[in-house]
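Have a look at the structure below before the remarks.
Counting starts at 1 for both ligands and their atoms, following the listed order.
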Amino acid sequence: MNFLKRQTYMDYIWWQKGIIYQVYPRSFQDSNGDGIGDLQGIINRLDYFEWLGIDAIWISPIYPSPMADFGYDISDYKDIHPIFGNMDDFDKLIKEVHERGLKLILDLVPNHTSEEHLWFKESRSSRTSSKRDWYLWKDPSHDGGPPNNWLSVFGGSAWQWDENTSQYYYHAYLKEQPDLNWRNIEVQKAMFEVMHFWLDKGVDGFRVDVMWHMIKDEKWRNNPANPDHKEGMSPYNSLIPSYSVDQPEVHEVVAKMRSVVNKYDDRVIIGEIYLPIHQLVTYYGMAQQGAHLPFNFHLITLPWDAREIALAIDQYEGALPDQSWPNWVLGNHDKPRIASRAGLEQIKVAAILLLTLRGTPTLYYGDEIGMQNVNITTKEAQDPWEKNVPGIGLGRDPVRTPMQWDNTENGGFSTGKPWLPLPENYKTVNVKKQQEDPSSTLSLYQRLISIRRKEKALHVGSYVPIPQEGDLLAYIRKAEGASLLIILNFGSKPASFRSEQVKLKGKILVASDLSKEGQETEEIIAIGGNEGLVIKII
Ligand code: GLC
Ligand code: CA
């Protein structure tokens, strides 16, 4: 293969041109009144995806699980948790998704299992168990304490003492989530078999959980202290995880996962990776044989500031290896919602940014109607992170509340008591109301998505930054002679935009302020506070 060959339009595949929508299944749609979303619920809402215009649905884990970490602790990789339905429901879901021309992406959690998984039960049964080496067992250090200083992301030591066999096992997350030993070939084989199982069923790809955690330092060296750690920050961040994550050998494992999906047509591997840009892009792999899309979370992790984001876009564009495909994520089930982070007044600017940058956008359910973090009382708290490390805002329940569909009881999510409460505002902030209102955030998303599909410049075009100052961010997207100019105002003050670099005569295709759509532009473009414009240059 000639890696220097430029892609032609026909070469672009669905996960490059398309838009991914993340469904958190517990909170999307309940179909049987138990207060928890399920597969039939997702099936009942497929019309919505078609109306919105997205291409692929990624569903967070739906497998059997004791739910210590709400499905990210899996006890059987090849079945469905009864709370979500059964395998027939899954088969029906994938069939109906495909009939509508949509794709289905599953969450794969290879770094750790549940402590209830048969593999772990076997592994912990004795030191001589055939599966002992499937997990990370270690003797105590000289003083009798844990083998090293590594911390669990969810609080406390990452080592759990096992009375029965007098060794510690490693868990990057909860003690109920023991880490698998990915240096063991048997473990690799078992997980690749799981991938085959779902790929054979027709799933279109995987979002791979905590990909950068999968291999740990072979010498188990202590992590260094983080000099920038302050009170109020997560205790996990008191150390820099130099030895526990992002180890060079992880790329061999990722390449093997990639070769599993390479046996099938057009399937995708997306990696969950929280790393700075230059480390992140290494996950595309040698000769692009790593993850197709290492998730780029910089719109989530950076302050909502035009200058910081403009810089990150350029750094990312500049760091991308040849032939690798960019992507952008605005929200997910682990991080504060965009409407709360950036403020309600910025949600339309955020929508335009996400859907006009170069690369595959991933949209988190509810962000398209501007759902905010919902205040969850201590009594209502469900998330183990909040329970282990309370009171400093680490809990993820606020971003996992039920989808607000309409103004009926429980927002149309469930006829029973929802597992997490809906906020008061669901009566006014909901899908139905916003679908009927052309000036709503949801209607803007729908228009943007439809324009993104129509305009090659947006879904596959090149990216050219137009340097700005202050609160403005501007760039051009270009393809086959068409140029689209995007101007975003991250601040609340009106501004005027001019540029030596580009012609400004054009027509506004999409605007945060609906009344501006269709207007023509001249040499100076006035842009209101908190406003975003997509202009077709003529
Ligand atoms: C990922 C998931 C998160 C989960 C963790 C452990 O970060 O997104 O929800 O708690 O992995 O599996
Ligand atoms: Ca249900």
Side-chain angles (χ1 to χ4, degrees), residues 22-45 58-63 65-75 77 80-86 89 93 105-115 117 152-155 158 170-180 206-214 234 236 241 244-245 270-275 294-295 297 300-301 329 331-336 362 364 382-389 394-400 402-403 410 412-420:
Q22 181 189 355
V23 165
Y24 192 69
R26 292 182 76 87
S27 294
F28 199 62
Q29 178 65 58
D30 176 21
S31 72
N32 63 354
D34 65 357
I36 300 176
D38 43 53
L39 296 184
Q40 185 58 49
I42 301 174
I43 296 173
N44 296 348
R45 292 292 182 182
W58 150 37
I59 314 183
S60 288
I62 48 177
Y63 318 101
S65 159
M67 296 285 170
D69 188 21
F70 292 101
Y72 284 93
D73 49 323
I74 297 170
S75 52
Y77 286 92
I80 302 293
H81 194 301
I83 222 161
F84 297 124
N86 57 33
D89 298 321
L93 172 66
I105 299 169
L106 288 189
D107 217 306
L108 183 75
V109 187
N111 177 69
H112 45 267
T113 67
S114 159
E115 61 172 349
H117 197 292
S152 152
V153 176
F154 290 155
Y170 175 72
H171 58 92
Y173 292 85
L174 297 175
K175 68 174 183 344
E176 292 85 355
Q177 294 168 294
D179 279 45
L180 282 160
F206 301 104
R207 171 270 190 190
V208 179
D209 193 62
V210 300
M211 187 180 262
W212 83 117
H213 272 267
M214 288 175 69
S234 167
Y236 174 73
S244 48
V245 303
I270 305 170
E272 185 205 17
I273 301 150
Y274 285 92
L275 285 176
F295 259 153
F297 292 128
I300 295 184
T301 52
V329 186
N332 63 33
H333 63 294
D334 295 324
K335 300 290 174 192
T362 299
Y364 183 51
Q382 304 274 346
D383 183 15
W385 201 353
E386 179 63 35
K387 291 182 181 172
N388 287 357
V389 192
L394 296 174
R396 299 163 295 174
D397 295 325
V399 310
R400 296 177 174 178
M403 182 64 163
N410 300 324
F413 163 70
S414 174
T415 54
K417 184 176 185 296
W419 75 288
L420 280 175

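Summary of contacts: the protein heavy atom closest to atom 4 (C) of ligand 1 is Asp69 OD2, 3.3 Å. For atom 9 (O) of ligand 1, the nearest protein heavy atom (residue, atom name, distance) is Asp334 OD1, 2.7 Å. Distance from atom 7 (O) of ligand 1 to its nearest protein heavy atom, with residue and atom name: Glu272 OE2, 2.8 Å.
By the 30° and 60° cut-offs, the orientation of the rings of His333 relative to Trp58 is perpendicular. Ring geometry for Tyr77 versus Tyr63: interplanar angle of 30 to 60°, hence tilted.
The proximity of Lys335 to ligand 1, defined as any non-hydrogen pair under 4.0 Å, does not occur for either the backbone or the side chain. With a 4.0 Å cut-off on non-hydrogen atoms, Arg400 touches ligand 1 through its side chain and not its backbone. At a heavy-atom cutoff of 4.0 Å, ligand 1 is contacted by the side chain of Phe154 but not by its backbone.
The closest side-chain heavy-atom distance from Tyr173 to Val210 is below 4.5 Å. Residues Glu272 and Asp334 form a side-chain contact, since some pair of their non-hydrogen atoms from C-beta on lies under 4.5 Å apart. Between Leu174 and Ser152, every side-chain heavy-atom pair lies at or beyond the 4.5 Å cut-off. In this structure, Val23 and Met403 have side chains that are not in contact, with every pair of non-hydrogen atoms separated by 4.5 Å or more. The closest side-chain heavy-atom distance from Ile62 to Leu39 is below 4.5 Å. Residues Asn332 and Phe297 have side chains in contact (heavy-atom distance under 4.5 Å, counting atoms from C-beta outward).
With Trp419 contributing its side chain and Arg26 its backbone, the two residues share a donor-acceptor pair below 3.5 Å.
For ligand 1 and Arg207, the ligand atoms under 4.0 Å from any heavy atom of the residue are 2 (C), 8 (O). Listed by atom number, the atoms of ligand 1 under 4.0 Å from His112 heavy atoms are 6 (C), 12 (O). Those atoms of ligand 1 that come under 4.0 Å of a heavy atom in Arg396, given as number and element, are 3 (C), 4 (C), 9 (O), 10 (O).
Taking 4.0 Å as the cut-off, Met211 does not count as a neighbour of ligand 1 on heavy-atom distance.
Using a 3.5 Å distance cut-off with no hydrogens or angles, the side chains of Ser60 and Tyr72 do pair a donor with an acceptor.
At least one test fails for Lys335 against the ring of Tyr364: distance under 6.0 Å to the centre or angle within 45° of the axis.
For atom 2 (C) of ligand 1, the candidate residues are Asp209, Val109, Asp107, Val210; the nearest heavy-atom contact is made by Asp209.
Here the protein contributes Asp30 OD1, Asn32 OD1, Asp34 OD1, Ile36 O, Asp38 OD2 as N, O or S atoms under 3.0 Å from the Ca ion (ligand 2).
Annotation: Tyr173 places no N or O atom under 3.5 Å from an N or O atom of ligand 1; distance criterion only.
Here CG of Asn111 is found 4.0 Å from CG of Asp179. Values are rounded to the nearest 0.5 Å.
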